[in-house]
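Some notes on the structure that comes next.
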Amino acid sequence: MVSRVIPVERFDLVIFGGTGDLARRKIIPGLYRRYLAGQLPDDARIIGAARTDFDRDEYEGFVRDAVEKYVHVKKHNGDKIKAFSKLFSYFKIDALGDEGWKGLARLVRKDVVQAFYFSVAPRLFGELAKRLHKYKISNDQARIVVEKPFGHDLESAKKLNAVLAEYFDEAQIYRIDHYLGKETVQNLMAVRFANILFEPLWNAQYVDHIQITVAETVGVGGRGTYYDKSGAMRDMVQNHLMQLLCLIAMEPPAHFDPDAVRDEKLKVIRALDPVLPEDIVRGQYRAGDGEDSYLEDAENPDSKTESFMAMMVHVSNWRWNGTPFFLRTGKRLRARKSEIAVIFKDPPHFIFEPQDSAQDGRRCNELVIHLQPDEGMDLRVTLKEPGPGGMRLMDVPLDMSFAEAMGRDADEIPDAYERLVMDVIRGNQTLFMRGDEVEAAWGWVDPIIEGWRSRGDKPKGYDAGSSGPEDALMLMHRLGRRWREIT
Ligand code: BG6
């Protein structure tokens, strides 16, 4: 299959934090893949800016290393990598002072698309925004890209929004949630809104419940100090899982344009009920498989921070009244697996003999959208087991791997950052969070976290390599449902 590559306009991209981990692992490799696809104009300029003492040659070396390390070896081509690295230049910048800014002002062109990627600590966002204006670097159409964490709670998110709004309009601000850039997440919108098949069933009348799972095998070692102040709720639920929930639950927007989509997502967040303490389970991993426990990784023996959480959530509107959404995420679990499962109700009247699948609590029809590791979808339907011997039924998955369906290797499916950076250049905000969405998400999350704090709640221990604490299983069992396996 030939993929369609639409060239983008001429641009200058400045990566603040250009020597950091995100630039090395995601932004630069993503740009290289777009370069190979022929999408970058010949005179594109990419400028790394950071505190490190690099000259241009050293930075080009950094760029080449990033490509060699983080792009699949099949795409390595010495000449191309060299030519790609020549698009880069480097400026030593002091985000809190004046060093480097005049030079940057001379380099950045005013008559092309300007994108400024703030791949730095959030406390520097305002400082960078201020200096882009002070040194007259950015034009009226310039785009700024900010990374999570976008605030720590509602108050800090509001402050950040206010600081950025002093210098840039909302239409210029691109808040990244990289989950929105994942192929399957976008496919979720295509499945729902480009087909007639599912939408009539997509409501409380036909959907029994929805499960959203983001399970990881990694622990928090290496970033324990950051994580301990954050926990699964702030690190994963407030952003990634809530975004997935929004896309699953939202009404069809009138158009596929940024504000129409984001208006609908915002309505979902505003329709979320407060969560009862008994509908949330928090967990913390113990040591296992030769790896340290959470408490050791976080270097905080008294930590009450959760590395796992599961919760039941209700969206109070006409479409979803009475349908529970179960959200679950955690570190050091049995497998790396992210999926959304829509579990449909059983037929209203079952004419066949009771079958095993009905007895073990599983429903007949499930639509499972696999986000990772293997992107795809499967739809479980009940069919007759072939052969004589009566009407024995069996559940069959109708499987579709995206890579196979498109005749591509899995590593050819664009990475989230690759897509998102190009969307910034194209000026398409659909896959980025709007300020009011982020604030609404914090507004829902804050009272839950405050409840844990005021009650002094402690997370339950769970074994590394398991599916999380027993209580998480009970959250579903008590309602006659069960989690899909993390395998
Ligand atoms: C990040 C979180 O936003 O997402 C990490 O801070 C988490 O804790 C990561 O590991 C997961 O992203 P992905 O794309 O690997 O699922």
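Every number for a ligand or one of its atoms is a count from 1 in the order of the listing.
- Under the 4.5 Å side-chain criterion, counting only non-hydrogen atoms from C-beta, V281 is not in contact with M474.
- In R234, neither the side chain nor the backbone holds a heavy atom less than 4.0 Å from any atom of ligand 1.
- Close approach of ligand 1 to R336 is summarised as follows: ligand atoms under 4.0 Å from at least one heavy atom of the residue are 15 (O).
- A cation-pi arrangement is found for R332 relative to Y285, the charged atom lying closer than 6.0 Å to the ring centre and inside a 45° cone about the ring normal.
- Heavy-atom contacts of D235 reach the following atoms of ligand 1: 2 (C), 5 (C), 6 (O), 8 (O) (cutoff under 4.0 Å).
- Here's the thing with S338: none of its N/O atoms is less than 3.5 angstrom from an N/O atom of ligand 1.
- Atoms of ligand 1 found under 4.0 Å from any heavy atom of K148, numbered from 1 in the order shown, are 1 (C), 2 (C), 3 (O), 6 (O).
- Near K331, meaning under 4.0 Å from one of its heavy atoms, ligand 1 places the atoms 5 (C), 7 (C), 8 (O), 10 (O).
- Using the six-membered ring where Trp is involved, H178 and H240 have ring planes that are perpendicular, over 60° apart on the 30 and 60° scheme.
- A cation-pi geometry, defined here as NZ or CZ lying under 6.0 Å from the six-membered ring centre and within 45° of its normal, does not hold between K148 and F150.
- If you number the atoms of ligand 1 from 1 as listed, the ones under 4.0 Å from a heavy atom of K182 come out as 13 (P), 14 (O), 16 (O).
- For the pair L295/N300, no side-chain contact is recorded, criterion being any heavy-atom separation below 4.5 Å from C-beta on.
- Of the listed options Q372, H240, E216, H240 places a heavy atom closest to atom 1 (C) of ligand 1.
- Checked for salt-bridge contact, R262 and D436 miss the test: no charged N lies under 4.0 Å from a carboxylate O.
- Scanning the protein heavy atoms around atom 12 (O) of ligand 1, the nearest turns out to be H178 NE2, 3.2 Å.
- Heavy atoms only, all atoms of each residue included: L367 and M377 are closest at CD1-CE, 4.4 Å.
- Judged by the shortest distance from any of its heavy atoms, Y227 lies outside the 4.0 Å radius around the atoms of ligand 1.
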